[in-house]
Amino acid sequence: MTELPFSLAWEIKPVPPYSFELTMRKPAGWPLFSNFEVYENEVIWTSTHIMGELAGIRISNEGMTERPKLSAEIFLQRKPSPQKARNLKRTLEHDIGADEDLGPFYSLAKGDDILRHAIRDLHGMHNTSQDTIFPDASLSILLQMAPLKRSDEMMDCYITNYGEEAEFDRKTIPAWPLPERIAHVGPEELASKCKLGYRAKRIVELARRIAEHGFPSIEELEHMDPDEAKRLLLDLPGIGSYSADIIDPHGGFPIDVWSADVFGLLFFGEEPKDKRKEIPRIKETGLKRWGKWSWMAFFYIVQDLGNLSRALDLELRME
DNA sequence: GCGTCCAGGTCTACC
DNA sequence: GGTAGACCTGGACGC
């Protein structure tokens with residue numbers, strides 16, 4: 001457990017529209033940062049690593065979707081320099097999508113037969129991300145070839161045993177493990193303790209590569225040429241097309257055997273018979289239809305399956 | 001109870 | 001360059 005006695009507090013005015021509830025608590029249950037974060041009465045307590053520092057985070061809602069205002073506080077082990085404090089604040093604002101303008105995506109979505117429903121249902125929901133790729137990369141490896149329930153069990157064990165626990169504001173919240181920690185864990189230990197199976201070796205190999213050679217942050221990838229960012233991600237061990245699309249800040253279209261059912265129904269009116277075989281065709285159709293907004297389209301649709309099922313008279317299932 | 005199948009992919013060997 | 005097969009584990013299913 002790591003105590004975080006120092007804190008920085010400030011006000012954030014996100015680019016409207018910004019729905020606090022939809023952004024912090026995605027309808028499909030995706031966490032903001034930590035799988036163990038707490039959300040009560042429009043306040044979220046969570047933890048992550050920002051610029052290499054373990055950070056406890058408390059954000060509360062002080063505004064409305066069209067006039068958003070948030071009260072944020074970052075808790076740290078040590079008092080940061082003024083320069084570092086400025087960077088931490090700016091990075092957190094970026095990670096929670098406060099600087100993201102949804103306007104261009106909404107313009108495209110209004111003219112799309114599927115997305116026009118989703119942007120109405122989820123008005124003001126922003127995309128969020130952690131500071132580095134390792135949490136999402138670990139997540140995507142733990143999602144491989146397993147039912148969601150088993151992936152959740154693997155993640156819970158992995159985070160509680162190997163993640164740092166942030167203690168702040170009378171809360172204790174474990175963050176996703178750092179590559180430097182996992183690089184020193186034997187794959188056999190990870191496999192037996194958390195029943196990761198073959199994924200243990202992949203996650204340790206990935207951690208060792210990042211710990212030894214470094215890797216650009218999410219924001220640095222964002223500023224790269226999209227093809228170069230994708231190439232770097234695909235070069236990592238254990239990361240294939242699906243995982244790269246989950247991590248890539250330039251936005252991919254991460255189709256797996258589950259989403260192949262959903263998007264097969266949406267695009268062609270039927271679930272594919274051979275899901276794995278159909279993934280390339282479904283992916284190509286999505287990328288062609290939504291281009292650079294493919295990730296946002298994917299994100300909005302998977303968060304809105306219940307409403308979309310009714311609006312489009314289709315059986316779009318969560319699992 | 002027991003055997004078989006397969007799940008929110010990726011890598012490797014083989015052709 | 002394209003593709004079958006292996007990979008951990010555990011729940012669902014048929015018998």
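It should be emphasised that the depicted structure is a prediction, and the values quoted were computed from it without experimental measurement. Every chain is numbered from 1, with letters handed out A, B, ... down the list of sequences.
On the P atoms, B/dA13 is 15 Å away from C/dC8, given to the nearest whole Å.
You'll find the ring centres of A/F267 and A/W290 inside the 6.0 Å limit. In this structure, the ring of A/F263 has its center no less than 6.0 angstrom from the ring center of A/F268.
Note on A/S243: only backbone sugar-phosphate atoms sit closer than 4.0 angstrom, heavy atoms only; bases stay farther off. As judged by a 4.0 angstrom heavy-atom cut-off over every strand, A/S241 is placed among residues touching the sugar-phosphate backbone only. Counting non-hydrogen atoms under 4.0 angstrom, A/I239 reaches the backbone sugars and phosphates but no base. Residue A/P254 is classed as having no contact, given no heavy-atom separation below 4.0 Å to the nucleic acid.
Only at 4.0 angstrom or more do the heavy atoms of residues 260-272 of chain A sit from any atom of DNA chain B, so none qualifies. Of the residues in residues 289-297 of chain A, none lies under 4.0 Å from DNA chain B by heavy-atom distance.
Checked for salt-bridge contact, A/R209 and A/D235 meet the test: a charged N lies under 4.0 Å from a carboxylate O.
A straight line from NZ of A/K201 to P of B/dC11 spans 11 Å, rounded to a whole angstrom. Rounded to an integer number of Å, the gap from CG of A/L148 to P of B/dA7 is 14 Å. One can place CZ of A/R199 at 12 Å from P of B/dT10, the figure rounded to the nearest angstrom. Atom-to-atom, OH of A/Y198 to P of B/dT10 comes out at 9 Å; the value is rounded to the nearest Å. As a whole-Å value, the separation of A/R150 CZ from B/dC6 C1' is 12 Å. Across the protein-nucleic acid pair, A/F298 atom CZ and B/dG8 atom C1' stand 9 Å apart, rounded to whole Å. In this entry the distance linking CD1 of A/I255 with P of B/dT10 reads 13 Å, nearest Å. Going from atom CD of A/E205 over to atom P of B/dT12 covers 8 Å, rounded to whole Å.
Annotated stems with DNA chain B as a participant read B:1-7 with C:9-15, B:9-15 with C:1-7, given as range with range, by first number; only runs of 3 or more Watson-Crick or G-U pairs under 3.5 Å qualify.
No hydrogens or angles considered: a donor-acceptor pair under 3.5 Å links the side chains of A/E164 and A/H49.
When DNA chain C is scanned in the 5' to 3' direction for atoms under 4.0 Å from non-hydrogen atoms of chain A, the outermost contacting nucleotides are C/dC7 to C/dG10.
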Query - Evaluation steps, salt bridge (charged side-chain N to carboxylate O under 4.0 Å, His left out), between A/E153 and A/K195 - result: CA-CA 9 Å; A/E153 287 166 1; A/K195 300 188 191 308; over 6 Å; no
For nucleotides 3-5 of chain B, tabulate all protein N/O to nucleotide N/O atom pairs closer than 3.5 Å, reporting atom names and distance.
none

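Within the structure, side-chain hydrogen bond (donor to acceptor under 3.5 Å, both in side chains) pairs that include any residue of residues 115-124 of chain A comprise A/E66-A/H123 (at least two apart or interchain).
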